[in-house]
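All values reported here derive from a predicted model rather than from experimental measurement.
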Amino acid sequence: MLTNNLLNHKRGNSLLKLSHSFVSQNQVWQGALNTISFDGNGIKAKLLNLAKPCYIIRVEDKIGVTNEGESLHLQNGKIGQELLMSVPAMQIKQLGDPNFLDFHNVKYAYVTGAMAHGIASEELVIALGKEKILSSFGAGGLSPARVEAAINRIQQALPQGPYAFNLLHSPSDPAVERGVIDLYLKYQVRTIEASAFLDLSENIVYYRVAGLSLNAANEIEIKNKVIAKISRREVATKFLEPAPYKILKKLVQQGLISELQATLAAKIPMADDITVEADSGGHTDNRPLVCLLPSILELRDQIQGQYGYEKPVRIGVAGGIATPQSALAAFMMGAAYVVTGSINQSCIEAGTSEYTKQLLAQAEMADVMMAPAADMFEMGVKLQVLKRGTLFPLRAQKLFDLYKNYDSIEDIPAAEREKLEKQIFKTNLDAIWQETVNYLSQRNPDKLHKAAQNPKLKMALIFRWYLGLSSRWSNSGEKGREIDYQIWCGPAMGSFNNWIKGSYLADLNNRRVVDVANQIMTGAVFLYRMQVLKIQGLEMPTYYSTYHPVHFN
C-alpha cells in the first residue's frame with residue numbers, strides 16, 4: 001500500500017515528476033481521459049501492463065499513466081494532452097538472443113541448469129519443458145540404469161522437447177563419462193549441458209561429432225547440441241574452437257565417426273552455447289559475473305573472427321541469477337540467455353528432501369561456504385555448499401586436511417581416528433572400507449586394484465564415502481544424518497529468499513519452477529521498462545520501480 005507521504009507528493013497532486021534531464025518530445029497524446037491513472041495503484045497497474053505501450057501524460061498540474069490512445073507530433077496540428085514520454089509494449093521473448101529461442105525451440109532465453117544426483121529431476125524438467133522452457137536433467141552421479149530411466153520418462157513426456165541432459169566431467173573415471181555418452185547417443189538425446197570440464201575429453205568430442213551430417217542443401221547439420229558451462233577463459237577456448245584434430249583422428253581410427261564427420265567438425269565450434277558460470281552453487285571458481293562475462297564475450301568475438309563460423313557461439317550466464325534485477329543485469333551486459341540453479345532446489349519439483357528445502361528457504365546470502373568436492377577430492381577441487389543447519393562443510397574440510405597431512409589411514413593418530421569413527425562416519429573405518437570394496441568391485445575394479453597398492457588412495461576412497469553419501473542423504477532425507485547433509489548452494493539462494501519475502505512464493509507449497517521462471521523474466525521486462533522511463537527523465541517513488549511476485553491470471 002502507498003503511504004500518506006507518497007500520496008501527498010510535494011509537486012502539486014502528482015505522484016510522478018520530471019528530472020532536470022527531461023527533454024520534451026514535442027508530442028501530444030490523444031485518447032479518452034478516463035483511461036489515465038493518477039493514483040498509486042492505477043499507475044502501478046498500467047506500468048505492469050507489459051503487453052501494451054505505456055504513455056506518460058501531463059494533464060494540467062498532474063502527471064498520469066495510460067496504456068491506451070496514440071501519440072502524435074505537435075506539427076501535425078493535432079490537439080491533445082501533453083505526451084511527456086512513452087515506452088512500447090514488450091514481450092519476455094525480446095530479452096536475450098532470439099537465435100537461442102529458435103535453435104532450442106523455446107519461448108524464453110531462460111534455462112534451469114542441471115543439479116547432480118537428480119535434484120534437477122524428471123518432474124522439474126518436464127514441468128518446464130511443457131511450458132517451452134529449457135531445463136537440464138541432473139544426471140551427474142547417477143547410475144546408468146537411473147539415467148536411462150530418466151531418458152525414457154522425459155522423452156515420453158516431451159517427445160518434441162525441449163529438454164537437456166547433463167554430462168558431468170569425470171577425469172578420474174572416464175568410463176563413467178563414456179557410459180553416459182553411449183546412453184545419450186543410443187536414445188538420441190539431442191542437447192547436453194557439459195559441466196565441470198577442465199579439458200575436452202574424447203567422450204564429449206565423440207558425442208558432438210557423431211551428430212554431424214550434410215543436409216539436402218549441402219549445409220552442415222548439427223544434431224547433437226552442446227551447452228558448455230565454464231568459468232575460465234582457457235576452458236572456454238576449447239569449446240569455442242573446433243574439436244582437436246588429434247582426438248578426431250583417434251575417433252576415426254576407432255570407427256566411431258566417419259571421415260566426413262571429422263571434416264565437418266573442423267568447421268564448427270565444439271559448443272553451440274557457452275554458459276559463463278560465476279559465483280554459483282556446487283563446482284565454482286567464485287568468479288564475479290561483471291568481470292567474467294565481458295571477458296568471455298571478447299574471447300568469443302576474437303575466435304569468431306578467426307574461424308568465421310556461420311553461427312557464432314552464444315554466451316549465456318549462470319551463478320547469482322535469482323531475481324529480476326540480476327537477470328536484467330545479465331541481459332544488459334550482453335548475455336544471450338540466463339541460467340538459474342540454486343533457487344530451483346527449493347521448488348516442489350526438485351528431487352531433494354523437504355528438510356533440505358526448508359533449510360534452503362531460510363538461507364541468507366552469507367550462509368554458504370566452500371568445501372571439498374567428492375568427485376575431485378584428491379585434486380583439492382572445492383564446491384560451494386550451504387553451511388546453515390549442517391556441519392558438512394567443516395567436516396569435509398577436516399577430512400581433506402587429514403588427507404593432506406597423512407599418507408595412510410594407519411598414520412592417523414588413534415585419538416583422531418576415534419573422533420572420525422564416532423562423529424563423522426559413525427562406524428568403524430574398516431567397515432567403511434569393506435563397503436567401498438563392495439561398491440568398486442562392481443563399478444570400478446581397476447581403481448580398487450590401484451587402492452590395494454596405494455595407501456593414500458585407499459584413504460581418499462574411504463573419505464569419499466562420506467563426501468559421496470552426504471549429498472544423497474540430503475536428497476533422500478536420511479533420518480539422523482541431517483547435520484551431515486551436503487547441500488549445493490550459492491549466494492543466489494539468499495538473494496532469492498529476500499526478494500520473495502512476503503509473497504506467495506515464500507510458502508514452499510507454492511514454489512514451482514515454472515512460476516519462478518515466469519516471475520523472474522516478467523520482472524526483468526518490467527524493470528527494463530522502468531529504466532527506460534528513468535532514462536527519459538521520469539522520477540517516481542520506489543513503489544513503482546520495484547517488482548514483487550504476484551499471481552498471474
Check whether [X] reaches the backbone of [Y] with its side chain - one donor and one acceptor, N or O, closer than 3.5 Å.
{"X": "Arg233", "Y": "Ser295", "result": "yes"}
{"X": "Asn218", "Y": "Leu214", "result": "no"}
{"X": "Glu122", "Y": "Arg153", "result": "no"}
{"X": "Thr284", "Y": "Gly281", "result": "no"}
{"X": "Gln261", "Y": "Ala210", "result": "yes"}
{"X": "Gln519", "Y": "Val550", "result": "yes"}
{"X": "Gln384", "Y": "Ser280", "result": "yes"}
{"X": "Arg511", "Y": "Ser346", "result": "no"}
{"X": "Gln155", "Y": "Tyr187", "result": "yes"}
{"X": "Lys107", "Y": "Lys93", "result": "no"}

From [X] [atom1] over to [Y] [atom2], what is the distance, rounded to the nearest 0.5 angstrom?
{"X": "Arg529", "Y": "Ser545", "atom1": "CZ", "atom2": "OG", "result": "14.0 Å"}
{"X": "His283", "Y": "Lys229", "atom1": "NE2", "atom2": "NZ", "result": "11.0 Å"}
{"X": "Arg388", "Y": "Cys489", "atom1": "CZ", "atom2": "SG", "result": "11.5 Å"}
{"X": "Gln304", "Y": "Tyr309", "atom1": "CD", "atom2": "OH", "result": "7.5 Å"}
{"X": "Cys347", "Y": "Leu128", "atom1": "SG", "atom2": "CG", "result": "8.5 Å"}
{"X": "Asn166", "Y": "Ile227", "atom1": "CG", "atom2": "CD1", "result": "10.5 Å"}

[Y] and [X], any side-chain heavy atoms less than 4.5 Å apart:
{"X": "Glu364", "Y": "Asn498", "value": "yes"}
{"X": "Val516", "Y": "Phe496", "value": "yes"}
{"X": "Asp273", "Y": "Val111", "value": "no"}
{"X": "Lys132", "Y": "Pro162", "value": "yes"}
{"X": "Val290", "Y": "Met333", "value": "yes"}
{"X": "Arg287", "Y": "Arg232", "value": "yes"}
{"X": "Ile222", "Y": "Leu212", "value": "yes"}
{"X": "Ile487", "Y": "Thr352", "value": "no"}

Considering only NZ, NE, NH1 and NH2 on the basic side and carboxylate oxygens on the acidic side, decide whether [X] and [Y] come within less than 4.0 Å.
{"X": "Glu378", "Y": "Arg464", "answer": "yes"}
{"X": "Glu123", "Y": "Arg512", "answer": "no"}
{"X": "Glu202", "Y": "Arg178", "answer": "no"}

I'd like to know whether [atom1] of [X] has more than 12 heavy-atom contacts from other residues, nucleotides or ligands below 6.0 angstrom.
{"X": "Gln156", "atom1": "CD", "result": "no"}
{"X": "Lys250", "atom1": "NZ", "result": "no"}
{"X": "Gln306", "atom1": "CD", "result": "yes"}
{"X": "Gln254", "atom1": "CD", "result": "yes"}

For the residue pair [Y] / [X], report whether a side-chain donor-acceptor contact shorter than 3.5 Å exists.
{"X": "Gln325", "Y": "Tyr547", "value": "no"}
{"X": "Glu131", "Y": "Tyr108", "value": "no"}
{"X": "Gln362", "Y": "Asp367", "value": "no"}
{"X": "Glu177", "Y": "Ser170", "value": "no"}
{"X": "Ser495", "Y": "Thr323", "value": "no"}

- prompt: Given Val252 and Glu259, is the side chain to side chain contact (heavy atoms under 4.5 Å, CB included) satisfied, shown in steps?
  reply: CA-CA 6 Å; Val252 171; Glu259 290 280 2; 3.6 Å; yes
- prompt: Picking from Lys311, Arg208, Lys223, what satisfies salt bridge (charged side-chain N to carboxylate O under 4.0 Å, His left out) with Asp272?
  reply: Arg208
message: Leu461 vs Phe377, test: side chain to side chain contact (heavy atoms under 4.5 Å, CB included). Steps then yes/no.
response: CA-CA 9 Å; Leu461 293 175; Phe377 178 75; over 6 Å; no
What heavy-atom pair brings [X] and [Y] nearest, and what distance separates the two atoms?
{"X": "Val514", "Y": "Ala127", "value": "CG2-O, 3.4 Å"}
{"X": "Ala492", "Y": "Ala322", "value": "O-CB, 3.2 Å"}
{"X": "Leu124", "Y": "Ser135", "value": "CD2-OG, 3.2 Å"}
{"X": "Ser136", "Y": "Glu193", "value": "OG-OE1, 3.1 Å"}
{"X": "Val339", "Y": "Thr275", "value": "CG2-CG2, 3.8 Å"}
{"X": "Val385", "Y": "Gln486", "value": "CG1-CG, 4.1 Å"}

Tyr337 and its ring pair (Phe, Tyr, Trp, His ring centres under 6.0 Å) partner, picked from Phe331, Tyr110, Phe100: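 Testing Tyr337 for a ring pair (Phe, Tyr, Trp, His ring centres under 6.0 Å) against Phe331, Tyr110, Phe100 leaves exactly one candidate, Phe100.
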query: Could you go step by step and tell me if Tyr207 and Leu167 meet the side chain to side chain contact (heavy atoms under 4.5 Å, CB included) rule?
result: CA-CA 11 Å; Tyr207 171 83; Leu167 177 65; over 6 Å; no
query: So Phe197 and His169, would you call those rings parallel, tilted or perpendicular, with 30° and 60° as cut-offs?
result: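 Answer is parallel, since the angle falls under 30°.
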query: In terms of the angle between their ring planes, are Trp488 and His117 parallel, tilted or perpendicular, with boundaries placed at 30° and 60°?
result: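 Trp488 and His117: parallel rings.
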field: Identified side-chain contact (heavy atoms from CB on, under 4.5 Å) partner of Leu297 from the options Ile315, Leu292, Ile274
entry: Ile315
- prompt: Should Leu50 and Tyr528 be marked as a side chain to side chain contact (heavy atoms under 4.5 Å, CB included) after you check the CA-CA gap, both sets of side-chain angles, and the distance that decides it?
  reply: CA-CA 10 Å; Leu50 302 172; Tyr528 177 79; over 6 Å; no
